[in-house]
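Below: the structure, in structure tokens.
The first residue of the sequence shown is numbered 1, and numbering continues consecutively from there. Small disclaimer: the values here were computed from a predicted structure and weren't measured. First listed ligand is number 1; within each ligand, the first listed atom is number 1.
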Amino acid sequence: MQQYKATAMAHPNIAFIKYWGNRDDELRLPANPSLSMNLGDLYTTTTVAFDEMLEQDEVTIDDQPADEAARARVSGHLNLVRDRAGLRGVSARVVSRNNFPIGVGIASSASGFAALTAAACAAAGLDLTERELSALARRGSGSASRSMPGGYTEWLMGRGNASSFARSVAPAGHWDLRDVVVVVSREHKAVGSSRGHGMAVSSSLHAARVTAASAMLDACKRALLARDLAAMGALIEQDAVMMHAVMMTSRPPLYYWTPETMAVIQAVQSWRADGVTVYFTIDAGPNVHLICEAAAATEVQARAHALPGVLDILVSGPGGPARLVEGHLF
Ligand code: DP6
């Protein structure tokens, strides 16, 4: 083993066309392709050190020891790296820090597993391509595949493990969009994404959404490349609502929206009537992501602040790829 310790950083991302449901849960092969923007102002930094003296993997997230479920998920992911590098049986110390709060509707699993994958592979001396790193990050958390390449990225369904990776469709500098995250709840969600993906097939709407997804993604990608926010916005709102319709009609049903979520949706429609070009999307939680151009972000933020029930607002522009960084967290 040439190198034992490495540090990487990665950005979370917001999906314009969402990933919901797997065709293979074990490999995290998605039921549909997805498209997203990396969030450059937010990041996770992770150091991984393989150490033959350690008895088991030690995982610290935001200066707290990870709970057993999180530790097991990280260990399972490290096993994929260890198997590839011939390091079975060598435990690792993992220290990870986020510059954004968790539980506010920003998928820390995306940046977390992208940074973990990049750091663990470098520490293990594996020299993988971006595609290989993206496919490997996907095994830890599906959306993490999209945080590996930079800017605006597309996760291909692929035919199997090696061909289901994300690639950049445009660099971060292509379009100065903003994600204005309107936080209406900080409560830990009762049903996380991983369980939710498994429930998607129980909704009779799932097949319809999956059938429509590729064409929606192609149209969304065309609008993105043409910097046509009105065309893209209509598609991202439609896809988010279709995904939530699948969630709400799963058995048992998953209701992530609260009255405050609906109030933001309605406000966005009235702001557009006032001439503010802004569109919403919503992940597996009640918080709402408002997508607009940089020039409109201050106005959108001020309007969102004035809504009842808004606890916090985070703003991010587009971001680059996951990358190795100098210096370690311990
Ligand atoms: C609603 O990638 O968090 O945010 O693979 O189980 O970790 P796991 O799921 P995750 O699912 C993301 C779901 C989503 C939509 C999206 O980001 O595409």
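Heavy-atom neighbours of Arg195 CZ from other residues, nucleotides or ligands within 6.0 Å: at or below the threshold of 12.
In terms of protein heavy-atom proximity, atom 13 (C) of ligand 1 is nearest to Tyr19 O, 3.6 Å. Shortest contact from atom 11 (O) of ligand 1 to any protein heavy atom: His197 NE2, 3.0 Å.
Judged by distance alone, the side chains of Arg139 and Ser164 never bring a donor and an acceptor atom under 3.5 Å apart. Of the N and O atoms on the side chains of Asp57 and Ser75, at least one donor lies less than 3.5 Å from an acceptor on the other residue.
Of the polar atoms of Trp20, none of the N or O atoms is found under 3.5 Å from an N or O of ligand 1, judged by distance alone. Residue Ile17 has no nitrogen or oxygen atom sitting less than 3.5 Å from a nitrogen or oxygen atom of ligand 1, judged on distance alone. Any N or O atom pair closer than 3.5 Å counts here, and Ser143 shares at least one such pair with ligand 1.
Heavy-atom proximity to Ser194, at under 4.0 Å, picks out these atoms of ligand 1: 6 (O), 7 (O), 8 (P). Of all atoms in ligand 1, listed by their number and element, those nearer than 4.0 Å to a heavy atom of Ala284 are 1 (C). Proximity to Met243 (heavy-atom distance under 4.0 Å) selects the following atoms of ligand 1: 1 (C). With ligand atoms numbered from 1 in the order given, ligand 1 contributes 5 (O), 6 (O), 7 (O), 8 (P) to contacts under 4.0 Å with heavy atoms of Arg28. Residue Ser141 has at least one heavy-atom neighbour below 4.0 Å for each of these atoms of ligand 1: 2 (O), 3 (O), 5 (O), 7 (O), 8 (P), 10 (P). Set against the non-hydrogen atoms of Ala15, the atoms of ligand 1 under 4.0 Å away are 16 (C), 17 (O), 18 (O). Listed by number with element, the atoms of ligand 1 under 4.0 angstrom from any heavy atom of Ser109 are 3 (O).
Sorted by first and then second residue, the salt bridge (Lys or Arg N to Asp or Glu O under 4.0 Å) pairs involving residues 256-273 (not counting sequence neighbours) are Glu237-Arg272.
Between His77 and Phe113, the angle of the ring planes goes over 60°, which puts this pair in the perpendicular group of the 30/60° scheme. Ring-plane geometry between His11 and Tyr43 is classed as perpendicular, the angle between the planes exceeding 60 degrees on a 0 to 90 degree scale with a lower cut at 30.
Between Ala107 and ligand 1 there is no heavy-atom distance shorter than 4.0 Å. Every heavy atom of Ser34 sits 4.0 Å or more from the atoms of ligand 1. Proximity of Met247 to ligand 1 is not established, as no heavy-atom distance is less than 4.0 Å.
Considering Thr7, Val95, Val94, Thr60 in turn, Val95 is the only one that fulfils the side chain to side chain contact (heavy atoms under 4.5 Å, CB included) rule with Phe330.
Between Leu136 and Arg84, the shortest heavy-atom distance links the atoms CD1-NH1, 4.3 Å.
Atom 3 (O) of ligand 1 has its nearest heavy-atom neighbour, among Ser193, Pro12, Ser145, in Ser193. Remark: among candidates Arg146, Arg73, Lys18, the nearest residue to atom 17 (O) of ligand 1 is Arg146, based on non-hydrogen atoms.
With values rounded to the nearest 0.5 angstrom, Ser163 atom OG is found 8.0 Å from Leu156 atom CG.
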### Full working for salt bridge (charged side-chain N to carboxylate O under 4.0 Å, His left out) between Arg222 and Asp228
CA-CA 8 Å; Arg222 274 197 302 278; Asp228 182 345; over 6 Å; no
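With sequence neighbours excluded, no residue forms a side-chain hydrogen bond (donor to acceptor under 3.5 Å, both in side chains) with Asn287.
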